[in-house]
Amino acid sequence: MADTTGNIRGGVVEDGAQPRKSSWRYIGPGIVVAATGVGAGDLVATLIAGSKFGYTLMWAAVIGCLVKISLAEAAGRWHLATGRTLFDGWQSLGRWTTVYFAIYVVIWGFVYGATAMSSSALPLVALFPEGPDLKVWAIGMGLVGLVFVWFNKYAVFEKAMTVLIGVMFVVVVYVAIRVAPNLGEAFAGLVPVLPDGSLLYTLGLIGGVGGTITMAAYGYWVNAKGWTNPGWMKVMRLDNRVAYVTTGVFVVAMLIVGAELLHTTGLALTQGDKGLIDLGTILEERYGAATAKLFLIGFFATSFSSLIGVWHGVSLMFADFVGRLRGEGAGGAAVAEVATGERERSWAFRGYLLWLTFPPMALLWLDRPFGLVIVYGVLGAFFMPFLAATLIWLLNSSRTPGEWRNGWVSNGMLAAAGLLFVVLCVQQVRELPW
């Protein structure tokens with residue numbers, strides 16, 4: 001275990017104490033961001049890529065993890081190096097960032113709330129076919145998430161996320177082993193190759209899994225853990241690598257399932273979260289009811305961890321956004337409020353929790369109004385380029401202490417990430433039914 005120069009209580013360093021080296025015992029925010037960032041829809045997209053191209057795009061999954069390690073590391077480095085939150089940094093770039101974030105977080109939260117609740121309900125309907133229908137389960141999941149995040153601080157939240165990601169990990173890896181992967185072809189897939197018609201799937205693999213607003217929330221979870229100064233930089237970097245290595249295992253495992261179970265047999269899945277229900281049916285036919293039920297439990301852990309992760313992380317970001325608009329918590333004060341749990345008790349945090357939970361329930365009956373989904377999709381596509389570009393701006397300016405500014409590797413990775421997400425954004429806009 002790492003020695004420290006002071007005391008640690010509840011993950012918060014006291015009296016300026018800083019860890020002398022990284023240690024596995026500090027890992028936490030990375031587990032949270034990995035569990036939140038990998039949703040059911042991401043796993044379906046990976047499965048479909050495997051079903052169409054076998055192991056050929058394995059290399060894209062690896063590159064995707066490296067890209068997102070760079071993005072999350074940059075967000076965490078800003079919080080630790082400057083003692084300021086990411087929104088504080090955005091605000092220093094001009095009023096346009098505030099306008100963008102305000103529009104984005106309201107519309108995104110409204111539509112994502114319904115998506116997360118439905119996704120968490122789907123496996124429960126499959127596990128309990130004689131029970132309530134999808135809408136009832138979905139409302140129940142939203143309320144459970146609301147109550148859990150409302151009454152628990154970060155430490156309890158992190159423990160719950162650790163359990164959920166453990167279930168996800170065991171189930172996904174078990175299913176990948178169960179389908180008997182071809183290791184020779186899997187290693188051959190690490191050589192960059194672009195089969196005909198694979199460009200968009202490749203870009204999606206690199207940019208899709210774990211690539212959401214939760215990457216921006218990572219810095220807030222770092223602070224909520226009690227990491228508030230540069231002394232925690234090595235710990236944060238280890239934590240971040242664990243997050244995206246774990247994500248990489250999920251992606252590789254689901255590619256294996258897609259390649260072995262679907263590609264070789266020519267079977268197809270439904271787009272969206274319901275594709276995992278299709279996979280559960282296929283697993284039951286091939287390997288029995290026990291394997292299918294285990295997979296559905298893993299599906300539930302994947303979806304529900306994303307739900308409570310967003311309920312907590314994006315609510316923290318919203319609370320910081322409101323605090324800065326009100327002139328509260330400028331500079332290091334905001335970081336301190338996140339670290340002590342004060343932000344989690346704020347009316348803004350709980351107000352956004354309510355926004356994520358209750359208004360989206362209407363979409364469970366309205367089947368997501370078409371125009372709203374279009375606006376949501378476009379705004380969502382624009383967020384990751386926004387994150388990459390603003391991090392490059394912040395971490396190359398005098399806002400960041402000299403020793404923690406970007407080097408050429410960080411700048412190169414962030415620029416590549418920004419370009420990748422711009423291409424994905426343009427493609428999503430092109431696919432809109434104009």
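Using modelled atom types and a 3.5 Å distance limit, the side chains of H79 and W227 yield no donor-acceptor pair. Between the side chains of N240 and Y218, not a single donor N or O lies within less than 3.5 Å of an accepting N or O. W108 and Y112 are not linked by any side-chain donor-acceptor pair at a separation below 3.5 angstrom, with hydrogens and angles left out of the test.
Between the OG atom of S120 and the CZ atom of F304 there is a distance of 6.5 Å, given to the nearest 0.5 Å. Going from atom CZ of F101 over to atom CD1 of I213 covers 5.0 Å, rounded to the nearest 0.5 Å.
The nearest pair of heavy atoms linking A348 to V322 is CB-CB, 3.8 Å. Taking both residues in full, the closest heavy atoms of M317 and A216 are given as CE-CB, 3.7 Å, listed atom of the first, atom of the second, then distance. Closest heavy-atom contact between P29 and K225: CG-CB, 3.8 Å.
By the 4.5 Å heavy-atom criterion applied to side chains, F349 and E344 are counted as neighbours. Taking 4.5 Å as the limit, every side-chain heavy atom of L127 sits out of range of all side-chain heavy atoms of W137. I308 places a side-chain heavy atom less than 4.5 Å from the side chain of L164. Between Y26 and K234, the closest side-chain pair of non-hydrogen atoms is not below 4.5 Å.
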Show your reasoning for whether side chain to side chain contact (heavy atoms under 4.5 Å, CB included) applies to W404 and M233. CA-CA 10 Å; W404 301 116; M233 199 70 74; 3.6 Å; yes
Assess the residue pair V167 and F300 against the criterion (side chain to side chain contact (heavy atoms under 4.5 Å, CB included)); give the C-alpha distance rounded to whole Å, side-chain angles, the decisive distance to 0.1 Å, and a yes or no. CA-CA 9 Å; V167 174; F300 172 75; over 6 Å; no
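For an aromatic pair to be called close, the ring centres must be under 6.0 Å apart, and W311 with F148 fails this. Aromatic ring centres of F318 and F321: separated by under 6.0 Å.
Not a single donor-acceptor pair under 3.5 Å links the side chain of T36 to the backbone N or O of S306. Under the 3.5 Å distance criterion, the side-chain polar atoms of Y100 are left unmatched by any main-chain donor or acceptor of F386.
Enclosure of atom CZ in F169 is not indicated, since only 12 or fewer non-hydrogen atoms of other residues, nucleotides or ligands lie within 6.0 angstrom.
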